[in-house]
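FYI, side chains are in, hydrogens and waters are out, and symmetry mates aren't considered; it's all heavy atoms of this structure. Convention: sequence-line order gives letters A, B, ...; per-chain numbering from 1.
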Amino acid sequence: MNQLPLYKKLLKHFGKQHWWPTTTNNPQFEIIIGALLTQQSAWRNVEKAIENLKKEGLLTPKAIAETNIHKLEACVKPTGFYKQKARRLRKFAQYIQKQYSGNLELIFSKPLEEARKELLSLEGIGAETADSILLYAAEKLIFPIDAYTTRVCERLGIAKGNYNELQHFFHSNLPKNLEVYKEMHALIVELGKNYCKTKPVCPSCPLRKQCSFYTSKTKT
DNA sequence: TCCCAGGCAGGGC
DNA sequence: GCCCTGCATGGG
């Protein structure tokens, strides 16, 4: 099964999503900060937090590694779970600073599976966050599976299973193209944010005719 | 007022 | 392995 038609349909409907937005000259590290902060919180609140960090000069591994934890907590407060996020952010910065002198390329240039395992071993980095970092910061061909992706796949009836199974599905059915991977993940999130909520079908969803609730329970 | 947001970790079973 | 809970602020 080729998922390029789905990609084109979503792209036409929603337009380019321009993920992952960054504002500094250290985009890789900023993407990682965003990936940790956006967990279970809206992106607009992440933007507030990153703006706070920028004002305090806290957008480099060295600065975050050395900062006072309470200052960091105040910056990331808008994203919620601020104590654990501040701690995870500082621990990550300290790790990168100590092991690699702040140079992320030294991790990203490792073999993909090795880099992924290393990220997963750090506090606060699970499968989705690791894969988002690898796709958007390291620019590796790896597809993140988030809650929206699971929900959308189920409702469209295109795939089901655990994280690894869904990821394997996309790896097998998407063209091996970095921009497609980046855009497809963002487009699925956009679809999930707007639709896949009501039953039996979301009236204005561009994919409503493919929705399992539509085809099984609604006629014409 | 209630529910959700671009999850993760730790516990129980 | 899967399911549950705590973590917490901001916006609809």
Side-chain angles (χ1 to χ4, degrees), chain A residues 7 10-11 14-23 27-53 69-93 95 116-140 142-155 160-168 170 174 178-199 202 204:
Chain A
Y7 170 74
L10 290 172
L11 186 60
F14 292 110
K16 281 199 72 172
Q17 299 300 302
H18 304 289
W19 277 23
W20 195 293
T22 56
T23 62
Q28 290 188 325
F29 188 62
E30 194 181 336
I31 287 168
I32 294 172
I33 291 174
L36 284 164
L37 294 183
T38 198
Q39 292 170 2
Q40 203 62 25
S41 87
W43 184 255
R44 58 177 171 274
N45 294 324
V46 177
E47 289 178 327
K48 292 178 193 169
I50 289 179
E51 197 56 36
N52 292 338
L53 291 169
I69 193 69
H70 300 296
K71 195 172 177 182
L72 198 52
E73 287 175 356
C75 288
V76 306
K77 205 160 193 172
T79 69
F81 309 136
Y82 65 94
K83 288 188 178 177
Q84 54 171 295
K85 282 181 179 174
R87 184 180 70 246
R88 290 168 179 181
L89 214 50
R90 197 170 65 158
K91 284 182 78 170
F92 179 85
Y95 176 81
R116 189 172 191 267
K117 274 185 187 171
E118 188 165 346
L119 290 173
L120 286 175
S121 74
L122 303 176
E123 183 188 341
I125 300 184
E128 187 199 334
T129 303
D131 291 342
S132 293
I133 290 169
L134 290 169
L135 176 60
Y136 292 99
E139 305 205 292
K140 305 292 182 184
I142 189 161
F143 198 83
I145 306 297
D146 69 333
Y148 289 129
T149 308
T150 304
R151 198 187 313 165
V152 166
C153 283
E154 187 186 352
R155 287 191 64 144
K160 60 180 178 180
N162 61 27
Y163 191 97
N164 290 334
E165 289 164 338
L166 285 178
Q167 184 172 59
H168 180 259
F170 283 97
L174 283 178
L178 197 54
E179 292 311 310
V180 172
Y181 270 49
K182 287 182 177 180
E183 202 58 44
M184 183 66 150
H185 174 62
L187 286 167
I188 288 177
V189 171
E190 192 60 22
L191 178 69
K193 272 201 263 193
N194 291 283
Y195 304 105
C196 293
K197 291 180 177 175
T198 63
K199 292 187 178 184
C202 313
S204 59

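Using a 30° and 60° split on the angle between ring planes, A/Y136 and A/H185 fall in the tilted class, from 30° to 60°. A perpendicular orientation is assigned to the rings of A/W43 and A/W20, their planes being inclined by more than 60° (bins at 30° and 60°).
Side-chain N/O atoms of A/Y163 include none lying less than 4.0 angstrom from OP1 or OP2 on B/dG7. The side chain of A/K48 contributes an N or O atom lying less than 4.0 Å from OP1 or OP2 of C/dG11. The side chain of A/T129 places an N or O atom within less than 4.0 Å of a non-bridging phosphate oxygen (OP1 or OP2) of B/dC8. At B/dA5, one or more side-chain N or O atoms of A/R151 fall inside 4.0 Å of OP1 or OP2 (strictly under the cut-off).
Here the C1' atom of nucleotide B/dG6 and the CH2 atom of A/W20 are 7 Å apart, to the nearest Å. Regarding A/E51, its CD atom lies at a distance of 18 Å from the C1' atom of C/dT9, rounded to whole Å. To the nearest angstrom, P of C/dT9 lies 6 Å from NZ of A/K77. Rounding to whole angstrom units, CG of residue A/N52 and C1' of C/dT9 are separated by 13 Å. With rounding to whole Å, A/E183 atom CD is found 16 Å from B/dG6 atom P. A straight line from CG of A/L89 to P of B/dC8 spans 15 Å, rounded to a whole angstrom. The separation between A/E47 atom CD and B/dG6 atom P is 11 Å, rounded to whole Å. C/dG6 atom P lies 19 Å from atom CD of A/Q39, rounded to whole Å.
No donor-acceptor contact under 3.5 angstrom links the side chains of A/Y95 and A/E123, judged on distance only.
Judged by centroid separation below 5.5 Å and plane tilt below 30°, A/W43 stacks onto the base of B/dG6. Stacking between A/W19 and the base of B/dG6 is present: ring centres sit under 5.5 Å apart and the planes differ by under 30 degrees.
At the heavy-atom level, A/I188 lies nowhere under 4.0 Å from the strands shown. Looking at heavy-atom distances under 4.0 Å, A/L36 makes no contact with the nucleic acid at all. Residue A/A127 is in sugar-phosphate contact alone, with no base atom involved, counting any heavy-atom pair closer than 4.0 Å across all strands shown.
Between the side chain of A/E183 and the backbone N or O of A/Q17, at least one donor-acceptor pair lies under 3.5 Å. At least one donor-acceptor pair closer than 3.5 Å links the side chain of A/Q39 to the backbone N or O of A/G124.
Within residues 80-87 of chain A, the residues having any heavy atom closer than 4.0 Å to DNA chain C are, in order of number, A/G80, A/F81, A/Y82, A/K83, A/Q84.
Under the Watson-Crick or G-U wobble criterion, with both distances below 3.5 Å, C/dC7 is paired with B/dG7.
Looking at the side chain of A/Q40, the nearest of the listed nucleotides C/dA8, C/dC2, C/dG10 is C/dA8. The A/N162 side chain lies nearest to C/dC2 when the options are C/dG10, B/dG6, C/dC2.
A/E154 has no carboxylate O lying under 4.0 Å from a charged side-chain N of A/K160, or vice versa, which leaves the two without a salt bridge.
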Would you check, one step at a time, whether the test side chain to side chain contact (heavy atoms under 4.5 Å, CB included) holds for A/C153 with A/F170?
CA-CA 10 Å; A/C153 283; A/F170 283 97; 3.6 Å; yes
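Here the separation of B/dC8 from C/dG10, taken at their P atoms, is 22 Å to the nearest Å. For the C1' atom pair drawn from C/dC3 and B/dG6, the interatomic distance equals 23 Å after rounding to whole Å.
Side chains of A/E51 and A/P78 form no contact here, defined as non-hydrogen atoms less than 4.5 Å apart.
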